[in-house]
Amino acid sequence: MGLFNHYAPFAVVVAFHISLNVFLFHTILVPSGWYMGCLLLGPNLLLGWGYRKYYAGMFTAKPIL
């Protein structure tokens, strides 16, 4: 079980791009399916917020070596 928790922040970053594209597709091109896009993007944003301390290095102007 520890292996799944170890790669969870990485999986959230990978899944975010997919869920964002689904959200934009269903919001802009097929507006009748906007709810499905929200159902995918919402939990991904919540998980991203939960793992935000792991992403601090991605948003620094000058990385520490």
Side-chain angles (χ1 to χ4, degrees):
M1 212 51 182
L3 183 65
F4 294 114
N5 289 336
H6 185 69
Y7 290 109
F10 176 70
V12 171
V13 169
V14 170
F16 178 72
H17 301 293
I18 297 167
S19 63
L20 181 63
N21 282 326
V22 169
F23 173 75
L24 290 174
F25 176 81
H26 284 288
T27 303
I28 296 170
L29 296 176
V30 186
S32 62
W34 67 271
Y35 188 67
M36 185 177 118
C38 290
L39 286 178
L40 287 175
L41 189 62
N44 203 322
L45 289 173
L46 289 174
L47 284 171
W49 182 258
Y51 289 117
R52 68 187 178 277
K53 66 178 179 179
Y54 295 105
Y55 306 133
M58 293 172 57
F59 299 108
T60 58
K62 195 171 190 180
I64 300 170
L65 299 176

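Only heavy atoms go into these numbers, but all of them, side chains included; no hydrogens, no water, no symmetry mates.
Residue L46 shares its hydrophobic cluster (ILVMFWY side chains chained together at separations under 4.5 Å) with no other residue.
For the ring-ring contact (aromatic ring centres under 6.0 Å, His included) condition, the pairs that include at least one residue of residues 22-52, sequence neighbours left out, are Y51-Y54.
Side-chain heavy atoms closer than 4.5 Å link hydrophobic residues (I, L, V, M, F, W, Y) into clusters, and following such links, even through other members, never connects L39 to I28.
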Please report, to 0.1 Å, the donor-acceptor pairs under 3.5 Å made by any side chain of residues 9-22, with sequence neighbours excluded.
unit_1, atom_1, unit_2, atom_2, d
S19, OG, A15, O, 3.2
S19, OG, F16, O, 3.1
S19, OG, N44, ND2, 3.1
N21, ND2, H17, O, 3.2

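Nearest approach of C38 to P43, heavy atoms of both residues: O-CD, 4.2 Å.
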